[in-house]
Each structure stands twice: as C-alpha cells, then as structure tokens.
Amino acid sequence: TGIAPVKAMLEGAHSLPAENRPRSITVYWGGRTPDDLYWDVSAVNTKHRYVPVLSRAAAAIDWTGARGHVQDALIADEIDLTQAVFYACGSDAMIHSARELLISKGLPERRFHSDAFVCSAVS
C-alpha cells in the first residue's frame with residue numbers, strides 16, 4: 001500500500017550493473033479504491049509487471065483488476081516463493097499479515113523485507 005519506497009527502488013534499479021539487476025520485478029499495489037492507485041508504475045519501466053489490487057472494489061463498478069488484499073492476490077498468482085525476494089510497504093497490520101502468509105507458503109524468512117507505517121505519538 002505504500003508506494004514511495006518501492007518507487008525509489010524501481011527508479012534506482014536501472015542504474016545497477018547488469019549482473020546485479022533483478023531478472024524480473026512485479027509490483028503489487030493495493031488500495032481501497034482506484035483513486036488510491038495514484039502513480040503510474042509503468043512510467044518507470046514498462047518491463048515491470050504491475051498488478052493493481054483493490055480491497056474495496058465494490059465501489060468501482062467497472063474494476064476488472066484483482067480484488068481483496070495484496071498478499072492474497074499474490075498467492076493467487078502462484079509465484080514460486082522459494083526463489084523470490086519481497087519488499088512490502090504499508091500498515092503494520094498488513095506487513096505482519098503478508099509476512100506470516102508468505103513464509104507459510106514457502107518464502108524464506110530472510111527474503112522478506114518491509115517498511116511498516118506506524119502512527120507516531122504526538123506529545
């Protein structure tokens with residue numbers, strides 16, 4: 001759900017030496033409604049696979065993309081998790097849920113990286 005860290009990684013990937021670049025990149029970006037998906041992922045590189053996911057797609061009558069939670073859409077795509085690396089950005093609850101699910105489906109623990117958004121206490 002948090003695209004800024006992912007955007008930075010995508011923008012920097014092209015400057016890596018060829019042998020250090022990922023073979024493929026798939027971006028699953030979740031939001032509640034289409035307006036939440038405010039950045040054009042293909043603007044960085046059209047070779048990246050992009051999967052938009054809406055958790056409240058009922059409000060988008062003409063939505064033909066994936067529905068539900070991002071991690072569930074990813075599991076539905078039946079990706080070989082044993083060879084993948086994940087960078088998850090979003091709410092703390094989503095991060096924990098995604099991590100638990102992906103590891104239970106075969107992702108090595110050391111290949112799950114995250115940037116959780118948590119509320120700061122205001123004093």
Starting at [atom1] of [X], measure out to [atom2] of [Y] and round the result to the nearest 0.5 Å.
X	Y	atom1	atom2	value
S97	Q71	OG	CD	4.0 Å
R21	S15	CZ	OG	8.0 Å
I95	F86	CD1	CZ	12.0 Å
M94	R99	CE	CZ	13.5 Å
Q83	R23	CD	CZ	7.0 Å
E109	L102	CD	CG	11.5 Å

### Task
Examine the side chains of T33 and D35 and answer whether a donor and an acceptor come within less than 3.5 Å of each other.
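No, no side-chain donor-acceptor pair sits under 3.5 Å.
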### Task
May I ask you to check whether Y50 and D40 show a side-chain donor-acceptor distance below 3.5 Å?
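Not at all, the side chains of Y50 and D40 share no donor-acceptor pair under 3.5 Å.
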Looking only at non-hydrogen atoms, find the nearest pair between [X] and [Y] and report the distance.
X	Y	value
V53	A73	CG2-CB, 3.7 Å
V6	C89	CG2-SG, 4.0 Å
A84	R111	O-CD, 3.0 Å
A13	I25	CB-CD1, 4.5 Å
A116	D92	CB-OD1, 3.7 Å
F112	A88	CZ-CB, 3.7 Å

### Task
Determine, stepwise, if the pair L37 / L54 fulfils side chain to side chain contact (heavy atoms under 4.5 Å, CB included).
CA-CA 9 Å; L37 308 177; L54 293 184; 3.9 Å; yes
### Query
More than 12 non-hydrogen atoms from neighbouring residues, nucleotides or ligands closer than 6.0 Å to CD on E11, yes or no?
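Enclosed: over 12 neighbouring heavy atoms sit under 6.0 Å from CD of E11.
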### Message
Atom NE2 of residue position H48 - does it have more than 12 heavy atoms of other residues, nucleotides or ligands inside 6.0 Å?
### Response
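Atom NE2 in H48 is crowded, with more than 12 foreign heavy atoms closer than 6.0 Å.
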#### Entry: NZ/NE/NH1/NH2 to OD/OE distance under 4.0 Å, D77 and R49
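Judged by the 4.0 Å cut-off on N to carboxylate O distance, D77 and R49 do form a salt bridge.
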#### Entry: Sub-4.5 Å side-chain heavy-atom contact between T26 and V51
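Yes, side chains in contact.
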### Query
So do P52 and W63 actually touch side chain to side chain, heavy atoms under 4.5 Å?
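Yes; the side chains approach each other to less than 4.5 Å.
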Under the 3.5 angstrom rule, does the side chain of [X] hit a backbone N or O of [Y] as a donor-acceptor pair?
X	Y	result
S104	L101	yes
D72	G68	no
W39	V41	no
R67	S55	no

### Query
Should I79 and I103 be regarded as members of a common hydrophobic cluster, given that ILVMFWY residues are connected when their side-chain heavy atoms come within less than 4.5 Å of each other, either directly or indirectly?
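In one cluster: no.
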### Task
Treating Ile, Leu, Val, Met, Phe, Trp and Tyr as nodes and any side-chain heavy-atom pair under 4.5 angstrom as an edge, say whether L10 and Y38 lie in one connected cluster.
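Yes, one cluster joins them.
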#### Entry: Test side chain to side chain contact (heavy atoms under 4.5 Å, CB included) applied to V70 and W29, step by step
CA-CA 7 Å; V70 173; W29 187 8; over 6 Å; no
